[in-house]
Enquirer: 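Provided herewith is a single structure, encoded as structure tokens, for subsequent inquiry.
In what follows, every chain begins at residue 1, and chains take the letters A, B, ... in the order their sequences are listed.
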Amino acid sequence: MLQVSFLRQNRDLAKKKLAIKHFAQPDLVDTVIDLDDERKQLQASFDETQAKVNSASKEIGAMMAKGDKEKAEATKTAVGEWKKQLEPLKEKMAQVEIDLQNALVQFPNLPHDLVPLGKSPEENVLVREGGVLPKLPADAEAHWDLIKKYNLVDFETGAKITGSGFPLYIGKGAKFQRALVQYFLDFNTAAGYTEYLPPFMVNAASAFATGQLPDKEGQMYHATEDDFYLIPTAEVPVTNIFRDVVLKETDLPLQMTAYSPCFRREAGSFGKEVRGLNRVHQFEKVEIIQIVHPDKSDEVLNEMVAHVEKLLVSLGLPYRILRLCGGDMGFASAITYDFEVYSAAQERWLEVSSVSNFESYQTYRMKCRFKDAAGKIQFAHSLNGSSLALPRIFAAIVENYQTEVGIALPKALQPYFGTENLI
RNA sequence: AGAGAGGUGUCCGAGUGGUUUAAGGAGCACGCUUGGAAAGCGUGUAUACGGCAACGUAUCGGGGGUUCGAAUCCCUUCCUCUCUUCCA
């Protein structure tokens, strides 16, 4: 969430940056400032009247103690008048605050200066590429055929149990998931991240804090009986650990990693892009999250990008890193790098990680602050990234490591899986 | 799921309608004291909003209500503990 004080001081800059994100209503900036002016004015007169009520009430107490009943009754009448004035003020103030809040949450985060202009994924900027394309056998198959052939994943039975997009992993397929999760977590904790295993459902306050509500309401599964949401990413519960918390400056940076299943309704998805494991409603992911000093977040973002890159290199997959353009970025992000691996059999790039700096957008929303050396309270910056999302890594490894006789494994995974080859 | 007891500041803890302007203790910070430390003494020690400031307003788990006045009374909700029940 953007801060009114920032919008007030940087009215034109904010509008310019919102345009990069293709935000449709720049005038909302003015609306918000007007509403905030109105709120201030209302609060000033409310406080003034309330102060009179408070001190008169205290006097009544003193009069009663002295037994001066008559005077007390007279003061009560006067207080009654003030309280009548308070009622409409209170209502108006509550309404203005709701309007202000409703307007504020509509703003996406402002893009970082490095964010390229552009509207669609084609305008993302290639930062670098790495890895080598595999030499596949002549009759190379896509992963949806391979997993059927080797009985690694059963989509049909998953669909029977739940619905489409809920894969059932079997035998070596299931074990491979476990090996990947374990490898990713070990890789992250070795780099200094603390491992968490969070709740897989969150309440509305948590979903709001990280920006899933109200923006992505329809994208989450909602358990209405208890009003809980199934998490779309571990980012939601883990970042919320620090909701309504004032940290010490020395606590920073906080580095967390967590495995979780992720649940996404993916309403409106269709076509070839969603085949097999390319897009599913439930998938596994290991996430990295950091809460850092605002001066450090640019630097930390680069570190996190380098960290994920190292992990991809260890898997021997051809990859590229893209800096997303303003139109392709997420709502809450200030700058995002996407990682894609090349699936040789599908002949297309698959997004496997997205690393973002949210700056103070999430931390302001959830009141995650720290006390600096001077004793001043500041909002921290939050960042997160996938390290990594499993299904497309699964797909890419199965496709890129296929041989005439089976499926090989990257060296790094062999000790985790227990054998040299997957099949 | 049923019954009961609770939720107060960084922590412990007092407080059942009116100098509570949240007692007292601990911790922490600073100062005095000391050769240095400890003890002792003194001062300070939440957040948000408004205000140049003085200061004002709000917050005793959350929300609502009663009252001139609520940490205190009422309703509601969340959470914790104990017992019963159930369960991996």
Enquirer: Report yes or no: is the cationic atom of A:K90 (NZ for Lys, CZ for Arg) under 6.0 Å from the centre of the six-membered ring of A:F46, at an angle within 45° of the ring normal?
Expert: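 Not flagged: A:K90 not positioned over aromatic ring of A:F46.
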Enquirer: Tell me whether the rings of A:H307 and A:F187 are parallel (<30°), tilted (30 to 60°) or perpendicular (>60°).
Expert: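 Tilted: the ring planes of A:H307 and A:F187 meet at 30° to 60°.
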Enquirer: Can you work out whether A:K371 or A:T75 has the more 5'-proximal nearest nucleotide on RNA chain B?
Expert: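 Upstream on the strand: A:K371.
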Enquirer: Rounded to whole angstroms, how far apart are NZ on A:K83 and P on B:U67?
Expert: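 Result: 8 Å.
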Enquirer: Hey, are A:K71 and A:E59 close enough for a salt bridge, meaning a charged N less than 4.0 Å from a carboxylate O?
Expert: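 Salt bridge flag = no for A:E59 with A:K71.
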Enquirer: On RNA chain B, check which nucleotide each of A:G80 and A:Y364 is closest to and give me the residue with the more 5' one.
Expert: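 Upstream on the strand: A:Y364.
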Enquirer: Could you tell me how far apart A:D244 (CG) and B:C79 (P) are, to the nearest whole angstrom?
Expert: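 These atoms are roughly 17 Å apart.
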Enquirer: With P as the reference atom in both, quote the distance from B:A22 to B:U47 in angstrom, rounded to an integer.
Expert: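 Pairwise P distance, B:A22 against B:U47, rounds to 16 Å.
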Enquirer: Taking any strand in view, what nucleotide pairs with B:G7 in a Watson-Crick or G-U wobble way, both distances under 3.5 Å?
Expert: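 Paired with B:G7, as far as the under-3.5 Å criterion goes, is B:C78.
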Enquirer: In whole Å, measure the gap between the C1' atoms of B:C78 and B:G13 for me.
Expert: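 Pairwise C1' distance, B:C78 against B:G13, rounds to 24 Å.
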Enquirer: Say we look at B:U59 and B:G64: how far apart would their C1' atoms be, to the nearest angstrom?
Expert: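 Per the computed distance, 16 Å lies between those C1' atoms.
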Enquirer: Reckon A:K90 touches a base, only the sugar-phosphate, or nothing at all at heavy-atom distances under 4.0 Å?
Expert: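 Contact class for A:K90: none.
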Enquirer: Using the P atom on both, measure B:G6 against B:C55 and round to a whole Å.
Expert: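 Rounded to whole Å, the distance is 39 Å.
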Enquirer: So what's B:G35 paired with, Watson-Crick or G-U wobble, going by both distances under 3.5 Å?
Expert: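 In the structure as shown, B:G35 has no Watson-Crick or wobble partner.
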Enquirer: Can you tell me, in whole Å, how much space there is between the P of B:A23 and that of B:U10?
Expert: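 To the nearest whole Å, 14 Å.
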Enquirer: So, do A:H293 and A:F370 have ring centers that fall under 6.0 Å from each other?
Expert: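 Yes, the ring of A:H293 comes within the 6.0 Å limit of the ring of A:F370, centre to centre.
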Enquirer: Just name whichever nucleotide pairs with B:C73, Watson-Crick or G-U, keeping both distances under 3.5 Å, else none.
Expert: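 B:C73 is paired with B:G65.
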Enquirer: What interatomic distance, in whole Å, is found between P of B:U43 and the corresponding atom of B:A48?
Expert: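 The same atom, P, in both gives a distance of 27 Å.
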Enquirer: So what's B:U20 paired with, Watson-Crick or G-U wobble, going by both distances under 3.5 Å?
Expert: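 When the pairing criteria are applied, nothing turns out to pair with B:U20, so the answer is none.
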Enquirer: Please report the distance separating the C1' of B:G35 from the corresponding atom of B:A54, rounded so that it comes out in whole Å.
Expert: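 The same atom, C1', in both gives a distance of 46 Å.
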Enquirer: For A:L86 and B:U57, give me the distance from atom CG to atom C1', rounded to whole Å.
Expert: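 Atom CG in A:L86 sits about 11 Å away from atom C1' in B:U57.
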Enquirer: I need the residues from residues 39-59 of chain A with at least one non-hydrogen atom less than 4.0 Å from RNA chain B; give them sorted by number, or say none.
Expert: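 Only A:R39, A:K40, A:Q43, A:D47, A:Q50, A:A51, A:N54, A:S57 qualify.
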Enquirer: I need the CZ-C1' distance between A:R365 and B:A48, as an integer number of Å.
Expert: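 Interatomic distance, CZ of A:R365 to C1' of B:A48: 19 Å.
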Enquirer: Any idea how A:F166 and A:H281 line up, ring-wise: parallel (<30°), tilted (30 to 60°), or perpendicular (>60°)?
Expert: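 Ring orientation of A:F166 relative to A:H281: tilted.
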Enquirer: Rounding to the closest angstrom, what is the interatomic distance between B:U21 and B:A26 at atom C1'?
Expert: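 Taking atom C1' in both B:U21 and B:A26, they lie 23 Å apart.
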Enquirer: How about A:F379 and A:Y364: are their ring centres within less than 6.0 Å of each other?
Expert: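 Centroid distance A:F379-A:Y364: below 6.0 Å, so yes.
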Enquirer: Test side-chain contact (heavy atoms from CB on, under 4.5 Å) on A:Y401 and A:N421; report intermediate values, then the result.
Expert: CA-CA 9 Å; A:Y401 280 83; A:N421 298 302; over 6 Å; no
